[in-house]
**Student:** 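I have a structure here, written as C-alpha coordinates, and I will follow up with some questions on it.
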2 protein chains.
Amino acid sequence: MPESHATASPQRRTRQRAAVHAIMSDLDEFRTAQQIHDVLRGNGDRIGLTTVYRTLQSMADAGEVDALRTGDGEMAYRRCSTGHHHHLVCRVCGRTVEVTGPAVERWATRVAEENGFREVSHDLEIFGTCAEH
Amino acid sequence: MPESHATASPQRRTRQRAAVHAIMSDLDEFRTAQQIHDVLRGNGDRIGLTTVYRTLQSMADAGEVDALRTGDGEMAYRRCSTGHHHHLVCRVCGRTVEVTGPAVERWATRVAEENGFREVSHDLEIFGTCAEH
DNA sequence: CTGTATGCAAACATTTTGCATAAGC
DNA sequence: GCTTATGCAAAATGTTTGCATACAG
(Lines give C-alpha, C1' and ligand atoms only; values in the text may rest on other atoms or scores of the structure.)
Protein backbone atom coordinates (compact mmCIF):
# COMPACT_ATOMS: atom_id res chain seq x y z
CA MET A 1 0.00 0.00 0.00
CA PRO A 2 1.46 3.34 -1.04
CA GLU A 3 1.37 6.00 1.64
CA SER A 4 -1.94 7.72 1.01
CA HIS A 5 -2.62 10.48 3.53
CA ALA A 6 0.20 13.01 3.58
CA THR A 7 1.22 12.66 7.22
CA ALA A 8 2.92 15.94 8.04
CA SER A 9 3.41 18.87 5.69
CA PRO A 10 5.68 18.06 2.75
CA GLN A 11 7.18 21.50 3.37
CA ARG A 12 8.10 23.00 0.07
CA ARG A 13 11.54 24.55 -0.33
CA THR A 14 11.25 28.26 -0.93
CA ARG A 15 13.58 31.22 -0.86
CA GLN A 16 11.71 32.76 2.07
CA ARG A 17 11.80 29.65 4.18
CA ALA A 18 15.51 29.29 3.53
CA ALA A 19 16.06 32.90 4.59
CA VAL A 20 14.26 32.40 7.89
CA HIS A 21 16.14 29.18 8.55
CA ALA A 22 19.42 30.94 7.81
CA ILE A 23 18.69 33.80 10.19
CA MET A 24 17.64 31.45 12.92
CA SER A 25 20.85 29.46 12.63
CA ASP A 26 22.84 32.65 13.04
CA LEU A 27 21.02 34.22 15.95
CA ASP A 28 21.79 33.26 19.51
CA GLU A 29 19.14 35.34 21.24
CA PHE A 30 15.39 35.31 21.27
CA ARG A 31 13.87 37.53 18.62
CA THR A 32 10.29 38.36 17.78
CA ALA A 33 8.80 37.58 14.39
CA GLN A 34 8.79 41.27 13.63
CA GLN A 35 12.46 41.71 14.50
CA ILE A 36 13.35 38.80 12.25
CA HIS A 37 11.26 40.28 9.50
CA ASP A 38 13.10 43.58 9.90
CA VAL A 39 16.48 41.88 9.72
CA LEU A 40 15.51 39.98 6.60
CA ARG A 41 14.19 43.12 4.96
CA GLY A 42 17.37 44.91 5.97
CA ASN A 43 19.37 42.16 4.31
CA GLY A 44 17.48 42.89 1.15
CA ASP A 45 15.32 39.80 1.30
CA ARG A 46 11.83 40.32 0.01
CA ILE A 47 9.56 38.51 2.43
CA GLY A 48 6.19 39.26 3.97
CA LEU A 49 5.59 39.54 7.67
CA THR A 50 2.84 36.96 7.36
CA THR A 51 5.26 34.45 5.95
CA VAL A 52 7.70 35.05 8.78
CA TYR A 53 4.95 34.40 11.30
CA ARG A 54 3.84 31.28 9.51
CA THR A 55 7.34 29.94 9.04
CA LEU A 56 8.42 30.51 12.64
CA GLN A 57 5.24 28.92 13.85
CA SER A 58 5.77 25.80 11.82
CA MET A 59 9.41 25.66 12.88
CA ALA A 60 8.28 25.83 16.48
CA ASP A 61 5.73 23.10 15.89
CA ALA A 62 8.44 20.99 14.34
CA GLY A 63 10.65 21.60 17.36
CA GLU A 64 13.29 23.37 15.29
CA VAL A 65 13.09 26.53 17.38
CA ASP A 66 12.11 27.37 20.93
CA ALA A 67 9.25 29.77 21.40
CA LEU A 68 8.41 31.90 24.40
CA ARG A 69 6.20 34.81 25.15
CA THR A 70 7.88 38.00 26.30
CA GLY A 71 6.65 40.12 29.17
CA ASP A 72 5.02 42.32 26.57
CA GLY A 73 3.03 39.42 25.24
CA GLU A 74 4.97 39.01 22.03
CA MET A 75 6.14 35.66 20.78
CA ALA A 76 9.89 35.30 20.54
CA TYR A 77 11.82 32.55 18.84
CA ARG A 78 15.33 31.22 19.01
CA ARG A 79 17.06 28.25 17.51
CA CYS A 80 17.09 25.34 19.86
CA SER A 81 20.34 25.39 21.67
CA THR A 82 21.68 22.21 23.03
CA GLY A 83 20.74 21.87 26.62
CA HIS A 84 18.20 23.61 28.72
CA HIS A 85 19.01 26.91 30.38
CA HIS A 86 17.49 30.13 31.63
CA HIS A 87 18.03 33.81 31.08
CA LEU A 88 19.42 36.51 33.27
CA VAL A 89 18.19 39.77 31.81
CA CYS A 90 19.30 43.32 32.60
CA ARG A 91 16.21 45.42 33.02
CA VAL A 92 18.08 48.56 31.97
CA CYS A 93 19.93 47.53 28.82
CA GLY A 94 18.37 44.19 28.01
CA ARG A 95 21.70 42.36 28.06
CA THR A 96 21.11 38.65 28.47
CA VAL A 97 23.24 36.00 30.09
CA GLU A 98 22.41 32.32 29.79
CA VAL A 99 22.53 30.45 33.05
CA THR A 100 21.95 26.86 33.97
CA GLY A 101 20.93 25.41 37.28
CA PRO A 102 20.55 21.66 37.49
CA ALA A 103 19.28 22.01 41.04
CA VAL A 104 16.45 24.21 39.90
CA GLU A 105 15.47 21.80 37.16
CA ARG A 106 15.31 18.98 39.61
CA TRP A 107 13.40 21.00 42.14
CA ALA A 108 10.80 22.07 39.59
CA THR A 109 10.24 18.55 38.38
CA ARG A 110 10.06 17.11 41.85
CA VAL A 111 7.64 19.67 43.26
CA ALA A 112 5.41 19.26 40.22
CA GLU A 113 5.35 15.51 40.51
CA GLU A 114 4.62 15.72 44.20
CA ASN A 115 1.51 17.59 43.19
CA GLY A 116 0.51 14.98 40.66
CA PHE A 117 1.62 16.85 37.57
CA ARG A 118 3.14 15.08 34.59
CA GLU A 119 4.93 16.25 31.45
CA VAL A 120 6.49 19.03 33.43
CA SER A 121 8.23 22.00 31.93
CA HIS A 122 9.06 25.37 33.35
CA ASP A 123 9.99 28.90 32.53
CA LEU A 124 12.39 30.94 34.60
CA GLU A 125 13.67 34.42 33.96
CA ILE A 126 15.87 36.33 36.34
CA PHE A 127 15.85 40.10 36.18
CA GLY A 128 18.31 42.56 37.61
CA THR A 129 20.45 45.58 36.89
CA CYS A 130 23.72 44.61 35.28
CA ALA A 131 27.15 45.85 36.28
CA GLU A 132 27.23 48.69 33.76
CA HIS A 133 24.11 50.32 35.19
CA MET B 1 7.37 69.52 56.34
CA PRO B 2 3.95 68.26 55.32
CA GLU B 3 4.00 65.53 52.72
CA SER B 4 3.83 67.51 49.50
CA HIS B 5 4.04 65.23 46.48
CA ALA B 6 1.23 62.69 46.58
CA THR B 7 3.35 59.57 46.86
CA ALA B 8 1.08 56.85 45.56
CA SER B 9 -2.48 57.23 44.34
CA PRO B 10 -4.93 58.23 47.04
CA GLN B 11 -7.20 55.59 45.53
CA ARG B 12 -10.74 56.72 45.71
CA ARG B 13 -13.37 54.34 47.09
CA THR B 14 -15.86 53.46 44.37
CA ARG B 15 -18.52 50.86 43.88
CA GLN B 16 -16.64 49.34 40.93
CA ARG B 17 -13.37 49.05 42.77
CA ALA B 18 -15.13 47.44 45.69
CA ALA B 19 -16.74 44.94 43.33
CA VAL B 20 -13.40 43.95 41.80
CA HIS B 21 -11.81 43.67 45.21
CA ALA B 22 -14.68 41.51 46.38
CA ILE B 23 -14.40 39.14 43.43
CA MET B 24 -10.67 38.89 43.81
CA SER B 25 -10.99 37.97 47.46
CA ASP B 26 -13.38 35.19 46.55
CA LEU B 27 -11.51 33.64 43.66
CA ASP B 28 -8.73 31.17 44.19
CA GLU B 29 -7.66 30.71 40.60
CA PHE B 30 -6.15 32.97 38.01
CA ARG B 31 -8.72 34.77 35.92
CA THR B 32 -8.37 37.15 33.03
CA ALA B 33 -9.69 40.69 33.18
CA GLN B 34 -12.39 39.73 30.72
CA GLN B 35 -13.51 36.75 32.76
CA ILE B 36 -13.73 38.92 35.85
CA HIS B 37 -15.69 41.47 33.90
CA ASP B 38 -18.10 38.74 32.77
CA VAL B 39 -18.58 37.53 36.32
CA LEU B 40 -19.26 41.03 37.60
CA ARG B 41 -21.73 41.70 34.81
CA GLY B 42 -23.33 38.33 35.53
CA ASN B 43 -23.71 39.40 39.15
CA GLY B 44 -25.59 42.41 37.95
CA ASP B 45 -22.77 44.85 38.62
CA ARG B 46 -22.58 47.65 36.10
CA ILE B 47 -18.90 48.09 35.36
CA GLY B 48 -16.91 48.79 32.23
CA LEU B 49 -14.26 46.48 30.90
CA THR B 50 -11.83 49.37 30.90
CA THR B 51 -12.32 49.87 34.59
CA VAL B 52 -11.69 46.21 35.27
CA TYR B 53 -8.44 46.40 33.36
CA ARG B 54 -7.38 49.56 35.12
CA THR B 55 -8.34 48.31 38.55
CA LEU B 56 -6.59 44.97 38.17
CA GLN B 57 -3.52 46.69 36.86
CA SER B 58 -3.34 49.04 39.78
CA MET B 59 -3.96 46.20 42.19
CA ALA B 60 -1.09 44.33 40.61
CA ASP B 61 1.15 47.39 40.85
CA ALA B 62 0.21 47.70 44.49
CA GLY B 63 1.06 44.07 45.01
CA GLU B 64 -2.48 43.18 46.00
CA VAL B 65 -2.81 40.58 43.25
CA ASP B 66 -0.40 38.45 41.30
CA ALA B 67 -0.34 38.85 37.55
CA LEU B 68 0.91 36.48 34.93
CA ARG B 69 0.57 36.09 31.22
CA THR B 70 -1.16 32.98 29.95
CA GLY B 71 0.06 30.92 27.06
CA ASP B 72 -2.45 32.78 24.92
CA GLY B 73 -0.87 36.08 25.82
CA GLU B 74 -3.65 37.24 28.07
CA MET B 75 -3.01 38.74 31.46
CA ALA B 76 -4.45 36.76 34.33
CA TYR B 77 -4.82 37.90 37.90
CA ARG B 78 -5.32 36.24 41.22
CA ARG B 79 -5.36 37.47 44.79
CA CYS B 80 -1.98 37.42 46.42
CA SER B 81 -1.33 34.98 49.09
CA THR B 82 1.17 35.95 51.71
CA GLY B 83 4.79 35.51 50.88
CA HIS B 84 6.75 35.05 47.72
CA HIS B 85 5.94 31.94 45.75
CA HIS B 86 5.67 30.50 42.31
CA HIS B 87 2.96 28.79 40.36
CA LEU B 88 2.48 25.30 39.15
CA VAL B 89 -0.09 25.52 36.39
CA CYS B 90 -1.98 22.73 34.64
CA ARG B 91 -1.77 23.37 30.95
CA VAL B 92 -5.04 21.52 30.37
CA CYS B 93 -7.42 22.91 32.97
CA GLY B 94 -5.51 25.89 34.32
CA ARG B 95 -5.60 24.63 37.88
CA THR B 96 -2.92 26.39 39.89
CA VAL B 97 -0.91 25.29 42.87
CA GLU B 98 1.32 27.66 44.77
CA VAL B 99 4.76 26.40 45.51
CA THR B 100 7.70 27.85 47.34
CA GLY B 101 11.35 27.00 47.03
CA PRO B 102 13.79 28.87 49.19
CA ALA B 103 16.65 27.10 47.47
CA VAL B 104 15.56 28.46 44.11
CA GLU B 105 15.32 31.98 45.48
CA ARG B 106 18.83 31.77 46.81
CA TRP B 107 20.18 30.24 43.64
CA ALA B 108 18.64 32.93 41.46
CA THR B 109 20.06 35.70 43.60
CA ARG B 110 23.49 34.15 43.80
CA VAL B 111 23.86 33.41 40.09
CA ALA B 112 22.72 36.92 39.25
CA GLU B 113 25.18 38.50 41.63
CA GLU B 114 27.97 36.34 40.30
CA ASN B 115 27.25 37.95 36.96
CA GLY B 116 27.34 41.43 38.40
CA PHE B 117 23.60 41.98 38.55
CA ARG B 118 21.97 43.91 41.37
CA GLU B 119 18.37 44.43 42.48
CA VAL B 120 17.56 40.93 41.42
CA SER B 121 14.08 39.55 41.00
CA HIS B 122 12.80 36.56 39.14
CA ASP B 123 9.79 34.94 37.57
CA LEU B 124 9.21 31.23 37.60
CA GLU B 125 6.27 29.28 36.31
CA ILE B 126 6.08 25.52 36.19
CA PHE B 127 3.75 23.91 33.69
CA GLY B 128 2.49 20.37 33.56
CA THR B 129 -0.54 18.19 33.18
CA CYS B 130 -2.33 17.72 36.45
CA ALA B 131 -3.54 14.44 37.89
CA GLU B 132 -7.06 14.77 36.49
CA HIS B 133 -5.85 14.99 32.91
C1' DC C 1 -16.18 72.51 44.42
C1' DT C 2 -12.01 70.07 42.79
C1' DG C 3 -10.05 66.41 40.93
C1' DT C 4 -10.00 61.44 40.40
C1' DA C 5 -12.62 57.41 38.41
C1' DT C 6 -15.54 55.78 34.99
C1' DG C 7 -16.94 54.18 30.48
C1' DC C 8 -17.61 54.49 25.81
C1' DA C 9 -15.44 54.62 21.48
C1' DA C 10 -11.46 54.79 19.07
C1' DA C 11 -6.60 53.79 18.90
C1' DC C 12 -3.05 50.36 19.26
C1' DA C 13 -0.12 46.34 18.69
C1' DT C 14 0.32 41.76 17.58
C1' DT C 15 -1.15 37.85 15.34
C1' DT C 16 -4.34 35.37 12.17
C1' DT C 17 -7.12 34.69 8.04
C1' DG C 18 -9.27 35.23 3.17
C1' DC C 19 -8.11 35.13 -1.19
C1' DA C 20 -5.79 36.01 -5.55
C1' DT C 21 -1.22 35.29 -7.40
C1' DA C 22 3.37 33.09 -7.74
C1' DA C 23 6.03 29.25 -7.74
C1' DG C 24 7.76 24.40 -6.24
C1' DC C 25 7.64 19.81 -7.71
C1' DG D 1 -0.69 21.31 -14.16
C1' DC D 2 -1.77 20.56 -9.64
C1' DT D 3 -1.05 22.11 -5.15
C1' DT D 4 1.27 24.51 -1.67
C1' DA D 5 3.43 29.01 -0.31
C1' DT D 6 3.27 33.82 -0.47
C1' DG D 7 1.75 38.40 0.57
C1' DC D 8 -1.34 42.00 0.78
C1' DA D 9 -5.18 43.74 3.06
C1' DA D 10 -8.58 43.06 6.30
C1' DA D 11 -10.24 40.70 10.50
C1' DA D 12 -9.63 39.22 15.01
C1' DT D 13 -7.87 39.67 19.58
C1' DG D 14 -6.49 41.69 23.81
C1' DT D 15 -5.24 45.88 25.84
C1' DT D 16 -4.69 50.94 26.25
C1' DT D 17 -5.95 55.79 25.68
C1' DG D 18 -8.71 60.29 24.80
C1' DC D 19 -12.14 62.67 26.52
C1' DA D 20 -16.62 64.02 28.35
C1' DT D 21 -19.29 62.91 32.32
C1' DA D 22 -20.18 61.10 37.09
C1' DC D 23 -19.11 61.14 41.58
C1' DA D 24 -15.94 60.70 45.92
C1' DG D 25 -13.94 63.49 49.19
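Chain A is the first sequence line, chain B the second, and so forth, proteins listed ahead of strands; every chain is numbered from 1.
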**Student:** How close or far is atom P of C/dT16 from atom CG of B/Asp72, stated in whole angstroms?
**Tutor:**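 Taking atom P of C/dT16 as the reference, CG of B/Asp72 is at 10 Å.
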**Student:** Report the end-to-end axis angle of the helix from C/dC1-D/dG25 to C/dC25-D/dG1; each axis comes from five terminal pairs, and the value is rounded to 10°.
**Tutor:**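 So the angle between the two local helix axes works out to 30°.
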**Student:** My understanding is that a hydrophobic cluster links ILVMFWY residues whose side chain heavy atoms are under 4.5 Å apart, including indirect links. Using that, what else belongs to the cluster containing B/Leu56?
**Tutor:**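 Besides B/Leu56, the cluster holds B/Val20, B/Ile23, B/Met24, B/Leu27, B/Ile36, B/Val39, B/Leu40, B/Ile47, B/Val52, B/Met59, B/Val65, B/Met75, B/Tyr77.
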**Student:** With sequence neighbours excluded, give me every side-chain hydrogen bond (donor to acceptor under 3.5 Å, both in side chains) pair touching residues 38-47 of chain A.
**Tutor:**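 Pairs touching residues 38-47 of chain A that pass the test: none.
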**Student:** Which whole-number value in Å describes the distance from A/Arg17 CZ to D/dG7 C1'?
**Tutor:**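 So the two atoms are 14 Å apart, to the nearest Å.
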**Student:** Quick one: is B/Thr51 getting a side-chain N or O under 4.0 Å of the C/dA5 phosphate, OP1 or OP2?
**Tutor:**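 The answer is no; no side-chain N or O of B/Thr51 sits under 4.0 Å from OP1 or OP2.
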**Student:** Using the side chain to side chain donor-acceptor pair (under 3.5 Å) criterion, which residues pair with A/Arg17? Sequence neighbours excluded.
**Tutor:**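 A/Gln11.
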**Student:** Rounded off to whole Å, could you give me the CG-to-P distance for the B/Leu56 and D/dG14 pair?
**Tutor:**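 So the CG-P distance, B/Leu56 to D/dG14, works out to 16 Å.
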**Student:** Protein within reach of the bases, or only the backbone? For nucleotides 15-25 of chain D, mark each nucleotide 5' to 3' as B, S or -, using heavy atoms under 4.0 Å.
**Tutor:** BBBB-----BS
**Student:** Give the rounded distance in Å between these two atoms: CD1 of B/Ile47 and P of C/dT6.
**Tutor:**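 My rounded result for the distance is 7 Å.
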**Student:** Can you sort out the partners of A/Glu114 under side chain to side chain donor-acceptor pair (under 3.5 Å), two or more places apart, ordered by chain and number?
**Tutor:**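 Result, side chain to side chain donor-acceptor pair (under 3.5 Å) vs A/Glu114: A/Arg110.
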**Student:** Within a strict 4.5 Å, meaning less than it, do heavy atoms of the B/Thr70 and B/Phe30 side chains meet?
**Tutor:**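 B/Thr70 vs B/Phe30: side chains apart.
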**Student:** Expressed as a whole number of angstroms, how long is the span from A/His21:NE2 to D/dA5:P?
**Tutor:**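 Roughly 13 Å, once rounded to whole Å.
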**Student:** Is B/Leu49 isolated, or which residues cluster with it under the ILVMFWY side-chain rule of less than 4.5 Å, directly or via members?
**Tutor:**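 Its cluster mates, by chain and number, are B/Tyr53.
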**Student:** Who pairs with B/Glu105 by side chain to side chain donor-acceptor pair (under 3.5 Å), at least two apart in sequence or on another chain?
**Tutor:**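 By the side chain to side chain donor-acceptor pair (under 3.5 Å) rule, B/Glu105 matches B/His84, B/His86, B/His122.
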**Student:** For A/Asp28, give me all partners under side chain to side chain donor-acceptor pair (under 3.5 Å), at least two apart in sequence or on another chain.
**Tutor:**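 Partners of A/Asp28 by the side chain to side chain donor-acceptor pair (under 3.5 Å) criterion, ordered by chain and then number, come out as A/Arg79.
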**Student:** To the nearest Å, give me how far apart CZ (A/Arg46) and P (D/dT6) are.
**Tutor:**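 The answer, rounded to whole Å, is 13 Å.
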